[in-house]
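Contents: one structure, followed by commentary.
When a ligand or atom number is given, it counts from 1 through the structure's own listing order.
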Amino acid sequence: MADPWQNAMDHAVAVARKAGEVVCDALRGDRAVMTKSSVVDLVTQTDQKVEQLIIQSVKEKFPTHRFIGEESVAAGEPCVLSDSPTWIIDPIDGTTNFVHAFPFVAISIGFAINKQVEFGVVFSCVEDKMFTARRGKGAFCNGEPLQVSRQEAVEQAMVATEFGSDRDADVVDKIFQSLRNILCLPVHGVRGAGSAAINMCLVASGCVEAYYEIGIHVWDVAAASLIVSEAGGVLMDVDGGDVDLMSRRIIAANSKTITERLVKAIVPFSLPRDDATPPKKS
Ligand SMILES: O=P(O)(O)O[C@H]1[C@H](O)[C@@H](O)[C@H](O)[C@@H](O)[C@@H]1O
Ligand SMILES: [Mg+2]
Ligand SMILES: [Mg+2]
């Protein structure tokens, strides 16, 4: 049977590529920086312009579909995942990298129906890597199939994580406690690309065994969550429970064995859920 969402997925790939051109052009010019929830939670006009570009182009083709977009939510739109077809957009994942021209930035577009991600597209535009996954049909990078690492020994694993944009001393202490516990397992190394979506695509590609973070948002991880699971990976909450894309916590790994070792090492804490914030606009 023909895939009813092939058209939408093709559109997501095309618009992600167009958005990537805008981001790469902007990387060569001036990038005026503004802040959102804290002085280190950065946003630029390019984030806002790219999100509008994506939403407008999707609306023209799929006028009844809904959206959760990082910059729209920052402007007061609701962050609600209903059963309706919903596009979950991070126009630039890795804005801090973008501001510093650190060359790992991605356009992330997830598409969910009945609260389940049906396809995911992550375009790492400086690297020119287009990661895609369709539920039940595998994950790919530039058309080549992806497979997570087969390494099951955490002592021989590479783990990715990020420090996030919360500078509350208690939060930073917990982040460092987790990092210390993980380094002392020991693991081969800890890395961070500065983009949740790219870190997860590194898991899907088999370059790192796991990625975890507390503080991410649904738009950071929706698309890449499917790319990881379609590449054979595992998604879990940092406390070992089921992953919940609105909970702001995730482990994405190559195996249950490595995930469970990380669960024991991570100091979990909770943040307000993405779907708990009332919209500023009616
Ligand atoms: O760059 P954005 O889209 O804001 O996403 C980043 C997120 O805000 C940070 O908390 C994470 O540490 C990064 O990995 C995200 O990619
Ligand atoms: Mg992001
Ligand atoms: Mg972003």
Side-chain angles (χ1 to χ4, degrees), residues 16 19-20 22-23 26-27 31 33-55 67-75 77 79 87-110 120-127 131 159-168 171-172 174-176 178-179 190-203 208 210-225 227-228 238 245-252 266 269 271-272 274 277:
V22 175
V23 172
L27 268 173
R31 297 174 301 282
V33 186
M34 299 168 280
T35 58
K36 293 192 286 189
S37 64
S38 76
V39 288
V40 293
D41 182 9
L42 310 182
V43 63
T44 69
Q45 282 182 351
T46 309
D47 296 71
Q48 295 163 343
K49 179 174 153 187
V50 167
E51 183 159 317
Q52 279 317 306
L53 179 156
I54 297 170
I55 291 178
F67 298 91
I68 295 175
E70 176 178 10
E71 308 315 335
S72 307
V73 171
E77 293 292 334
C79 183
W87 296 67
I88 305 167
I89 299 161
D90 190 339
I92 301 181
D93 188 49
T95 297
T96 306
N97 286 353
F98 172 75
V99 165
H100 292 269
F102 190 80
F104 298 97
V105 289
I107 291 85
S108 175
I109 304 177
V121 172
V122 171
F123 183 39
S124 178
C125 56
V126 179
E127 298 181 284
F131 295 91
V159 177
T161 190
E162 299 290 336
F163 297 109
S165 54
D166 195 329
R167 296 295 181 267
D168 176 88
V171 168
V172 173
K174 288 185 178 118
I175 289 171
F176 273 89
S178 299
L179 206 50
V190 174
R191 300 286 185 272
S195 153
I198 292 177
N199 285 327
M200 290 172 74
C201 289
L202 288 168
V203 175
V208 299
Y211 157 73
Y212 74 92
E213 190 170 347
I214 302 177
I216 43 84
H217 295 275
V218 61
W219 44 80
D220 296 314
V221 296
S225 65
I227 294 170
V228 169
V238 294
L245 296 183
M246 290 285 176
S247 74
R248 307 196 51 202
R249 322 190 314 174
I250 200 162
I251 303 180
I266 294 169
F269 59 92
L271 294 167
D274 279 332
T277 318

Is the shortest N/O to N/O distance between [X] and ligand 1 below 3.5 Å?
| X | answer |
| --- | --- |
| N199 | no |
| A197 | no |
| T96 | no |
| D220 | yes |

Counting heavy atoms only, which of [options] comes nearest to [atom]?
| atom | options | value |
| --- | --- | --- |
| atom 1 (O) of ligand 1 | P91, G94, G164, S108 | G94 |
| atom 13 (C) of ligand 1 | A74, A196, A193 | A196 |
| atom 4 (O) of ligand 1 | E162, K36, H217, E70 | E70 |

Worksheet item: Does atom 10 (O) of ligand 1 have a protein heavy-atom neighbour under 4.0 Å away?
Response: yes
Practice prompt. Distance to 0.1 Å, residue and atom name: give those for the protein heavy atom nearest to atom 16 (O) of ligand 1.
Written response: D93 OD1, 2.6 Å
Response to the item:
Within a strict 2.8 Å cut-off of the Mg ion (ligand 3), protein N/O/S atoms tallied 3
Item to complete: Show your working on side chain to side chain contact (heavy atoms under 4.5 Å, CB included) between M200 and I250 and close with a plain yes or no.
Response: CA-CA 10 Å; M200 290 172 74; I250 200 162; 3.9 Å; yes
Please list, in number order, the atoms of ligand 1 under 4.0 Å from a heavy atom of [X].
| X | result |
| --- | --- |
| D90 | 3 (O) |
| T95 | 1 (O) |
| E213 | 9 (C), 10 (O), 11 (C), 12 (O), 14 (O) |

Worksheet item: Is the shortest distance from a heavy atom of I216 to ligand 1 less than 4.0 Å?
Response: no
Worksheet item: Do the side chain of E162 and the main chain of A193 share a donor and acceptor less than 3.5 angstrom apart?
Response: yes
Worksheet item: Under the 3.5 angstrom rule, does the side chain of R31 hit a backbone N or O of H100 as a donor-acceptor pair?
Response: no
Worksheet item: Does a salt bridge link K49 with E71, judged by any charged N lying under 4.0 Å from a carboxylate O?
Response: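 Salt bridge between K49 and E71, a charged N being under 4.0 Å from a carboxylate O: no.
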Shortest non-hydrogen contact from [X] toward [Y]:
| X | Y | value |
| --- | --- | --- |
| C125 | G20 | CB-CA, 3.7 Å |
| I175 | F163 | CD1-O, 3.6 Å |
| V40 | S165 | CG2-O, 3.4 Å |
| L271 | G215 | CD1-CA, 3.5 Å |
| V208 | N199 | CG2-O, 4.2 Å |
| I198 | D93 | N-OD2, 4.4 Å |

Discussion item. Heavy-atom count check: over 12 atoms from other residues, nucleotides or ligands less than 6.0 Å from Q45 CD?
Written reply: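 Not more than 12 within 6.0 Å, no.
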Worksheet item: What part of I92 sits under 4.0 Å from ligand 1 if we count only heavy atoms: the side chain, the backbone, both or neither?
Response: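 The answer is the backbone of I92.
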Worksheet item: Of D90, L42, T46, V33, which meets side-chain contact (heavy atoms from CB on, under 4.5 Å) against T95?
Response: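 When D90, L42, T46, V33 are each tested with T95, the side-chain contact (heavy atoms from CB on, under 4.5 Å) holds only for L42.
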Worksheet item: Heavy atoms, side chains only, cut-off 4.5 Å: are I216 and Y211 in contact?
Response: yes
